[in-house]
Amino acid sequence: MGMTLMQDDRMRIGDVFQVNRTCLLLREIAAVQRPNVATGLCFTRLAFGAERASLTVERPGRPPLDVEVGYDASRRDLRVLLSDKGFLARREPARHDRMMWMPRPDDPGPLKHGFVLRELSESGHSWIGYHEGRSWQADMTDIRYAPGSTDVHFRLDALSCRVDVRIRTGRPADLINVAEGIVDRIGYLFTNPSARRRAEIRNGRVTLESGSVSS
């Protein structure tokens, strides 16, 4: 099934309604991602639209699956939807939402990706309170999985370019306070951009990486 590209894609940073509904959906997706890593299942792209989200799900030996869901979709809804499309998904373990864990450097990429999604789902305060008073406004448009990273994409009001924040997943240190780190990195573009960053802005795309606040 082909994915329909949606106009007005966004999660507005600082908008309580949009942040909360997106974080709730991310929590449910993370709850499906983690227990199904052994089968190779991975939510490789999440795009945030005005009323619905577009998800791309991949599994080895199968073509990518593109689906759309409402922001109120539960983990059970997601499992049923995937199973109906031939992507059988296991239920999360008991007390999943209360389990504290940190992926190891040698864990599979999709497991680390699931951890990042969960961290982002629990970071509503960062997108609202921590961002409050900043000089920039932005929309989070999509999240993508890549080997070795989870990439979060933004469209900034004041810049005619995309800003991609690459969260490296190889080191546990890069997986702590993920959302606050993103807010700080983007803010640095406005307070003290390097010559390299200014050139990227002119070229229409800025890529920031974990630990690259000052570069």
Side-chain angles (χ1 to χ4, degrees), residues 3 11 22-48 53-67 69 71 73-124 126-127 140-153 164-182 185 207-212:
M3 180 175 64
M11 179 197 83
T22 303
C23 287
L24 287 173
L25 179 60
L26 288 175
R27 182 190 67 185
E28 299 304 286
I29 292 172
V32 177
Q33 175 68 69
R34 184 185 178 192
N36 290 284
V37 167
T39 67
L41 184 144
C42 187
F43 289 84
T44 56
R45 182 174 184 264
L46 294 66
F48 308 115
S54 290
L55 312 177
T56 299
V57 187
E58 297 187 28
R59 173 174 278 167
R62 299 289 302 272
L65 173 68
D66 297 316
V67 297
V69 299
Y71 285 94
S74 68
R75 59 196 68 179
R76 182 181 184 279
D77 294 333
L78 294 169
R79 290 196 307 269
V80 170
L81 176 61
L82 293 176
S83 296
D84 286 348
K85 301 296 184 181
F87 283 62
L88 297 180
R90 296 174 51 195
R91 183 174 179 175
E92 76 281 3
R95 299 188 299 277
H96 173 272
D97 291 343
R98 297 193 294 273
M99 294 172 62
M100 301 294 293
W101 64 287
M102 172 70 73
R104 297 168 297 186
D106 59 345
D107 278 336
L111 182 63
K112 299 174 185 178
H113 180 57
F115 179 84
V116 173
L117 295 180
R118 179 173 172 177
E119 283 293 294
L120 292 174
S121 79
E122 297 176 348
S123 300
S126 300
W127 307 124
M140 180 193 295
T141 60
D142 55 297
I143 300 173
R144 301 180 185 232
Y145 168 77
S149 71
T150 295
D151 301 339
V152 188
H153 301 258
D164 306 334
V165 181
R166 181 162 295 149
I167 303 166
R168 294 292 184 185
T169 56
R171 301 185 309 163
D174 289 333
L175 303 178
I176 299 173
N177 297 326
V178 169
E180 291 186 2
I182 290 174
R185 291 182 188 108
T207 300
L208 307 175
E209 297 195 6
S210 299
S212 67

So do [Y] and [X] actually touch side chain to side chain, heavy atoms under 4.5 Å?
X	Y	answer
M140	H153	no
F87	V57	yes
L78	V67	no
R168	E209	yes
W127	M11	yes
Y145	R45	no
T169	D174	no
T22	L26	yes

Legend entry - Salt bridge flag under 4.0 Å for residues D151 and R166: yes
Inset, instruction - To the nearest 0.5 angstrom, please state how far the CD1 atom of I176 sits from the CD atom of E119. - result: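 Atom-to-atom, I176:CD1 and E119:CD are 8.5 Å apart.
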Inset, instruction - Quick one: pull up CZ in F43 and OG1 in T56 and give me the separation to the nearest 0.5 Å. - result: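 So the CZ of F43 and the OG1 of T56 are separated by 10.5 Å.
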Using modelled atom types only, decide if a donor and an acceptor are shared between the side chain of [X] and the backbone of [Y] within a distance under 3.5 Å.
X	Y	value
E28	R75	yes
H113	C42	no
S83	V80	no
E122	L117	no
S74	D77	yes
R59	L65	no
D107	R104	yes

Legend entry - Intermediate values then yes/no, side-chain hydrogen bond (donor to acceptor under 3.5 Å, both in side chains), T44 and E58: CA-CA 7 Å; T44 56; E58 297 187 28; 3.1 Å; yes
Minimum heavy-atom distance between [X] and [Y], given as atom pair plus value:
X	Y	result
G86	R62	O-NH1, 2.8 Å
P35	A30	CD-O, 4.5 Å
L82	A89	CD1-CB, 4.3 Å
C23	L120	SG-O, 3.7 Å
E180	S126	CG-OG, 3.2 Å

Legend entry - side chain to side chain contact (heavy atoms under 4.5 Å, CB included) between V152 and I182, worked out: CA-CA 9 Å; V152 188; I182 290 174; 4.2 Å; yes
Legend entry - Working for side chain to side chain contact (heavy atoms under 4.5 Å, CB included), residues D164 and L208: CA-CA 6 Å; D164 306 334; L208 307 175; over 6 Å; no
Inset, instruction - Please step through side chain to side chain contact (heavy atoms under 4.5 Å, CB included) for the pair D66 and L55, ending with a clear verdict. - result: CA-CA 6 Å; D66 297 316; L55 312 177; over 6 Å; no
Legend entry - Between N36 and T39: side-chain donor-acceptor atoms closer than 3.5 Å: no
Legend entry - Distance-only polar pair, side chains of T150 and R144, donor-acceptor under 3.5 Å: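 No.
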Inset, instruction - Might you work through the side chain to side chain contact (heavy atoms under 4.5 Å, CB included) test for L175 and F115, ending with a clear yes or no? - result: CA-CA 8 Å; L175 303 178; F115 179 84; 3.6 Å; yes
Legend entry - Set of residues satisfying ring-ring contact (aromatic ring centres under 6.0 Å, His included) with respect to Y71, sequence neighbours excluded: none
Legend entry - CZ (R76) with more than 12 external heavy atoms under 6.0 Å: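 Counting other residues, nucleotides and ligands, CZ of R76 stays at 12 neighbours or fewer.
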